[in-house]
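Order of the sequence lines sets the chain letters (A, B, ...), proteins ahead of strands, with each chain counted from 1. Heavy atoms only: backbone and side chains are in, while hydrogens, waters and symmetry mates are out. This structure is a prediction, so every number in the text was calculated from the model and none was measured.
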2 protein chains.
Amino acid sequence: MARQAGSKGEETAARIRAAATGLFARHGYAAVSMREIASEVGVGAGAIYNHFTTKQDLLVGLMVGHMTDLLAAWDAEPMAAADAFPAAALEAFARFHIRFHRQRIDEVFVSYMELRSLDQPNFHRVERLRRAYEDRLEGIIARGVAAGAFHAPEPKVAALAIIAMLTGITGWYRQGGRLPASTIEALYVEMVAATVRPKGGPD
Amino acid sequence: MARQAGSKGEETAARIRAAATGLFARHGYAAVSMREIASEVGVGAGAIYNHFTTKQDLLVGLMVGHMTDLLAAWDAEPMAAADAFPAAALEAFARFHIRFHRQRIDEVFVSYMELRSLDQPNFHRVERLRRAYEDRLEGIIARGVAAGAFHAPEPKVAALAIIAMLTGITGWYRQGGRLPASTIEALYVEMVAATVRPKGGPD
DNA sequence: GTCTATACCTTGATAGAC
DNA sequence: GTCTATCAAGGTATAGAC
């Protein structure tokens, strides 16, 4: 599961991961067989076991990889710094979340819908990463509340509500749809900001 | 699948539906076997086929039933009337959605997560019902915009965002958790209202 | 209407040749 | 590292007794 680059078989492993991600997203983990994955990659079913010990191992690798990438990508954003102005950080978070998820629709589907397909130890690994991501947003909101810039009696609840709203885009967004991605992003940035705006506060 | 009341076997059918709903919600449609469902009901696996022709038929019956109930329940609300004040209708919709979904967490899980497990004709049946529900909210928002009470450049997008936000509660809400249901409901009602509130508008 | 028994198929995973 | 062949288990659905 570790991504040892350079070796010959790693390219095959990457193609297996890619095929599995697409198939799991479309049909669900339990509904996809190792044979289907192998067939899409163009290898025999047995070959998968040279790269992953079990089907469960393949799944958890995808999910941990996705969540780890997500966290690392956000933490690399300038606005993720703890001293950023809350309003600017919140907007940056919304734009980041939308863009990252638009680029990885399949990974998002898998990571948010297959939690129940994980056995208990693996579930806790992924859950911890998901919590860490939610905590990033909760932190921004809490700082905004402390600074008097936001209204949010329960920052944790506001964070969960915002993430659900943003992630919901992946459920209906289609490239080439009626609205361009930039318009959708602007609409959501505005709605997110409104969610924590003090009623009589700044516009 | 039609709910012919009174006959003796209908009680068994209802218990099969209940067991299937719980199991599908917890483990996913594809991961649950007819044997497991039958075992939970306390009958043999073959007995299920006296009430449902296939596993797919059992699933689609649950989903169509849930969505139909949801639509009928909302349409029976006084505030669903087309001449209700938009702000009041929006609050009523939020409260209705939260309460209905809290009472039927398993059905919601199944109806929102197993769309991909439906074959094409069944998918379209359920999708049409889901669209109809979204349209109810979109209508409220559009009327609010027309009346100058709401700010929403794209009522359809606002409706999808609000529904995603509200439905997200089912992903983390647990009875007996830190916050009472009434508090959570109040927080979300406020966030929903904020989502479409004109920036310089009424508080 | 439910039971037991079973047909038939696909599953995840393994073994050994190359 | 990949292939083919294979195993044991479990899948949906059916048949016929009661």
Mind calculating the distance between [atom1] ([X]) and [atom2] ([N]) to the nearest angstrom?
X       : N      : atom1 : atom2 : value
A:Asp57 : C:dT14 : CG    : P     : 12 Å
A:Ile48 : C:dA13 : CD1   : P     : 10 Å
B:Phe52 : C:dG1  : CZ    : P     : 12 Å
B:Glu11 : C:dT2  : CD    : C1'   : 14 Å
A:Leu58 : C:dA13 : CG    : C1'   : 14 Å

Pairs of donor and acceptor atoms involving the side chains of residues 174-182 of chain A, under 3.5 Å and at least two apart or interchain, shall be tabulated with distances.
| unit_1 | atom_1 | unit_2 | atom_2 | d |
| --- | --- | --- | --- | --- |
| A:Arg178 | NH1 | B:Glu154 | OE1 | 3.2 |
| A:Arg178 | NH2 | B:Glu154 | OE1 | 2.9 |

Heavy-atom protein contacts under 4.0 Å, nucleotides 8-18 of chain D, coded B base, S sugar-phosphate only, - none: ---BBBB----
Could you list the donor-acceptor pairs under 3.5 angstrom formed by side chains in residues 72-85 of chain B, with sequence neighbours left out?
| unit_1 | atom_1 | unit_2 | atom_2 | d |
| --- | --- | --- | --- | --- |
| B:Asp75 | OD1 | B:Arg136 | NE | 2.8 |
| B:Asp75 | OD2 | B:Arg136 | NH2 | 2.8 |

Can you sort out the partners of A:Arg26 under side-chain hydrogen bond (donor to acceptor under 3.5 Å, both in side chains), two or more places apart, ordered by chain and number? none
Under 3.5 Å donor-acceptor pairs involving side-chain atoms of residues 98-105 of chain A, not counting sequence neighbours:
| unit_1 | atom_1 | unit_2 | atom_2 | d |
| --- | --- | --- | --- | --- |
| A:Arg99 | NE | A:Glu185 | OE1 | 3.1 |
| A:Arg99 | NE | A:Glu185 | OE2 | 3.2 |
| A:Arg99 | NH2 | A:Glu185 | OE2 | 2.7 |
| A:His101 | ND1 | A:His97 | O | 2.9 |
| A:His101 | NE2 | A:His97 | NE2 | 3.4 |
| A:Arg104 | NH1 | A:Asp69 | OD2 | 3.3 |

Sort and list the pairs that fulfil ring-ring contact (aromatic ring centres under 6.0 Å, His included) and have at least one residue in residues 147-167 of chain A, not counting sequence neighbours. none
Is B:Thr12 near enough to C:dG1 that one of its side-chain N or O atoms lies under 4.0 angstrom from OP1 or OP2? no
Charged N to carboxylate O under 4.0 angstrom, B:Glu40 versus B:Arg15?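 A salt bridge is absent here (no side-chain N lies under 4.0 Å from a carboxylate O).
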